[in-house]
2 protein chains.
Amino acid sequence: MLAVEEARARILAALSPLPAETIALAQAQGRVLAGPVAARLTQPPADVSAMDGYALRAADAAVGVPLTVIGAAPAGHPYPGRVEAGQAIRIFTGGFVPEGADAILLQEDATEADGQVTATEQPRAGRWIRKAGLDFSAGERLLQAGRPLTARDIGLLAAANHPWVSVTRAPRIGILATGDEIALPGEPLPPGGIVSSNAHALAALCLAAGAVPSVLPIAGDTEAAFQGMAQAARGFDLLVTTGGASVGAHDLVQSALAPEGFERGFWRIAMRPGKPLIWGRLGAVPLLGLPGNPVSALVCGVLFLLPALRRLQGRAETAPAFQPAIAGMDLPENDGREDYLRCALTRDATGRLVATPAARQDSSMLKTLAHAEGLLKRAPGAAALPAGSAVEVLDLIAMGV
Amino acid sequence: MLAVEEARARILAALSPLPAETIALAQAQGRVLAGPVAARLTQPPADVSAMDGYALRAADAAVGVPLTVIGAAPAGHPYPGRVEAGQAIRIFTGGFVPEGADAILLQEDATEADGQVTATEQPRAGRWIRKAGLDFSAGERLLQAGRPLTARDIGLLAAANHPWVSVTRAPRIGILATGDEIALPGEPLPPGGIVSSNAHALAALCLAAGAVPSVLPIAGDTEAAFQGMAQAARGFDLLVTTGGASVGAHDLVQSALAPEGFERGFWRIAMRPGKPLIWGRLGAVPLLGLPGNPVSALVCGVLFLLPALRRLQGRAETAPAFQPAIAGMDLPENDGREDYLRCALTRDATGRLVATPAARQDSSMLKTLAHAEGLLKRAPGAAALPAGSAVEVLDLIAMGV
């Protein structure tokens, strides 16, 4: 059986970033930049005042000596003339420092009366002046390709005068739940049936990651239903199936799909929960076959589907972001499969992250997964560890899943 | 000037959770539950097999003694009869354990030939059987009100047979940038003008937090423009303005809006960046007046707008989630304003989060904010700290902003 890291590497190696599309900056939150973006202007465009006060010549301004206020320079309304000796300009935060002036007298250090202003503190040349280009200069690269855009980035791109932005197209993900025994929530349930939860949970995972999911009609465990998959897969950037990965179903998938152009990359990985993972290609469309067990499907979704979506989006970082933590309880030795324990995440008195696995880790327990805050990773063959030992975790809340 | 904590408390105290709406479970990712949700069924609905193998009576099953395979119980297809002494049923993961059986013989511990199965390992009663209700039982409360729904929660609600879900209505946020000097990206820019970046950055902040923003046309710094705000505010759950909070503009806002029903809650807080914050009410609509400076507007957005959105959504947790970190460099003593330093976040060799402020923290530097990973909080009057000291940070990436 393949190691988790190797399985992920093979999935990522088989995928490429999607092409770019142009969207309005106002729609770009969470989208991934397709190329670097440079500033279209210089910010601030000229030397500007950092405070409300008076622009003047430092050499002139002595405490107690009145200067004539010859005009004003609010933000957006530059003073058109020049400040000469004995003169000052009323200025406000963001106002352009007028020609001739080299200092700002703060308004709290000044008294103004009868068109004259008098300093009560000596202003210093250059103080409270933001030089042109302090934030950025025209032509300067502001953001790199592969970056998911935050609200802060959108502010920066707006400030740099970009109404449009080039981002990778959002991945279109087909999601196909298979199984005779499942029915969607609220639908009539056959005797012995189970309500289908994987497809919509995985669709939500896709939405949270910036992809566009399509939930396909449930496919039964028949050769005909599997053959329909090849048709259903067309037009997607990735087809995600759940179920049909156990030994019996796998045989069926193999026999039904081989004539439809299915090429298996790998099947089964050394992981718990999630052993029966399939990776391959159905004609031109990459296929990720997740286990039918809901906990396994979602944990594999976090470990394989999310990185795949990041690759398709062209994100610079694709690997899950493991964080250091300490074990909140003793951990038994691990067998040959990489284990992901659903855990609570808390902080100890010194601020360290503490990961405490749920008492029972049966892979059928979806409620335990929903209430977990993290996944504690146990390497294959890891030795028993006492509480307080260093471990690695995925913070599911921070990952948005 | 008001302390940050007190300002946030006053904002939160003035807001209430919005009423509920019913949406499809498939649309519920990120939405906030309006009430608790209970399971509509028991999961698993009956005792089921945790593995592929044979269901039988443990008392019967001795190593080397063949049992007659009388039928099969795949998932979703319960065996209708009863297992008697000397008999076994082929069973698959998730298949109902048939009446009479009390043990699962794993398929890897069995040999099957000519309709008979023989154990190579002794099965134990109860082993590899998941009891009915192991995950959850009908009527059991699964999720509490105030919870933002993750992909995992959506899986759990689907499994519990909920096609619909009751969530708080998404907050409708009006966003109004004010100022004579600003123009939207790509629009003709007046001489001395600045490209407006706040409105769309704040809209992105709202989108990331699950609110529905409307960016209103820019309002100039005139009495008539401010009077139009009262009209524009109608129908929003919160009106967010940027700019118009400096001393001069504030006077204008006060004089223009008083006849329109503006009641000021507070103005100016002991914070950097972000002193000129306004909180009040314009008629029936709460009004949050953020500074015009883009860095101040976004930092105040993180510290005040996000908690306000969480309150409107009915989220259980509203306060920003500060995390412990250590200072990556010496920090000077702080003055009387609570300071938020844009910082990089890294991890040291022992896994501790290290917050290193950008060298220059001028509040006009938006690029520095976009490239920051966190905000390092400095309390009012905090003493100088050497590198390595304990500090508190907000992880902007983990917060999704």
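Residue numbers begin at 1 in each chain, while the letters A, B, ... track the order of the sequences. All heavy atoms count here, side chains included; hydrogens, waters and symmetry mates do not.
Heavy atoms closer than 4.5 Å to chain B are found nowhere in A:A325, neither backbone nor side chain. Both the backbone and the side chain of B:A208 come within contact range of chain A, each with at least one heavy atom under 4.5 Å from a heavy atom of that chain. Heavy-atom distances place no part of A:R40 under 4.5 Å from chain B, backbone and side chain included. Using a 4.5 Å cut-off between heavy atoms, A:L157 makes no contact with chain B at all. Using a 4.5 Å cut-off between heavy atoms, B:A372 contacts chain A through both its backbone and its side chain. Of the two parts of B:P45, only the side chain, counted from C-beta on, holds a non-hydrogen atom closer than 4.5 Å to a non-hydrogen atom of chain A. Looking at A:N161, both its backbone and its side chain come within 4.5 Å of chain B, counting heavy atoms on both sides. Neither the backbone nor the side chain of B:L202 comes within contact range of chain A; no heavy atoms are under 4.5 Å apart. Interface remark: A:L156 contributes backbone and side-chain atoms alike to the contact with chain B (heavy atom separation under 4.5 Å). Using a 4.5 Å cut-off between heavy atoms, A:A46 does not touch chain B at all. Heavy atoms of A:P78 lying under 4.5 Å from chain B belong exclusively to its side chain. Of the atoms belonging to B:R147, it is side-chain heavy atoms, and not backbone ones, that fall under 4.5 Å from chain A. For A:A75, the parts sitting under 4.5 Å from any heavy atom of chain B are the backbone and the side chain alike. Of the two parts of A:H200, the backbone and the side chain both hold a non-hydrogen atom closer than 4.5 Å to a non-hydrogen atom of chain B. For A:P190, no part lies under 4.5 angstrom from a heavy atom of chain B. The contact between A:E140 and chain B is made entirely by side chain atoms (from C-beta outward), counting heavy-atom distances below 4.5 Å. When heavy atoms are compared at a cutoff of 4.5 Å, B:I194 approaches chain A solely by way of its side chain, counted from C-beta outward. Both the backbone and the side chain of A:L134 come within contact range of chain B, judged by heavy atoms closer than 4.5 Å.
With chain A as partner, the option from B:T93, B:D135, B:L396, B:I397 having the largest number of non-hydrogen pairs under 4.5 angstrom is B:D135. Comparing B:L25, B:L142, B:L41 by how many heavy-atom pairs each has under 4.5 Å with chain A, the most go to B:L142. Contact count versus chain B (heavy atoms, under 4.5 Å) is highest, among A:P294, A:G155, A:G400, for A:G155. Note on B:I154, B:L366, B:L189: by heavy-atom pairs under 4.5 Å with chain A, the leading option is B:L366. Taking chain B as the reference chain and counting heavy-atom pairs below 4.5 Å, the highest number among A:E187, A:H371, A:H77 is found for A:H371.
Rounded to the nearest 0.5 angstrom, A:K131 NZ and B:D362 CG are separated by 13.5 Å. Distance check, rounded to the nearest 0.5 Å: CG of A:L353 to CD of A:E373 gives 9.5 Å. In this structure, the separation between CG on A:N293 and OG1 on A:T242 is 10.0 Å, given to the nearest 0.5 Å. The distance from the CD1 atom of B:I218 to the CD1 atom of B:I182 is 4.0 Å, given to the nearest 0.5 Å.
Across every non-hydrogen atom of A:P273 and A:S296, the tightest pair is CB-OG, 3.3 Å. For B:A158 against A:S196, the heavy-atom pair with the smallest separation is CB-O, 3.7 Å. When all heavy atoms are compared, the tightest approach of B:F92 to B:S49 is O-CB, 3.9 Å.
For the pair B:V37 and B:R141, the minimum side-chain heavy-atom distance is 4.5 Å or more. In this structure, B:S363 and A:R130 have side chains that are in contact, with non-hydrogen atoms separated by less than 4.5 Å. Within the 4.5 Å cutoff, the side chain of B:M365 has heavy atoms near those of the B:R360 side chain. For the pair A:T150/A:Q29, no side-chain contact is recorded, criterion being any heavy-atom separation below 4.5 Å from C-beta on.
Side chain of B:E392 to main chain of B:Q323: no donor-acceptor pair is present (N/O by atom type, distance under 3.5 Å, no hydrogens or angles). A:Q361 places a side-chain N or O within donor-acceptor distance of the main-chain N or O of A:A358, the cut-off being under 3.5 Å.
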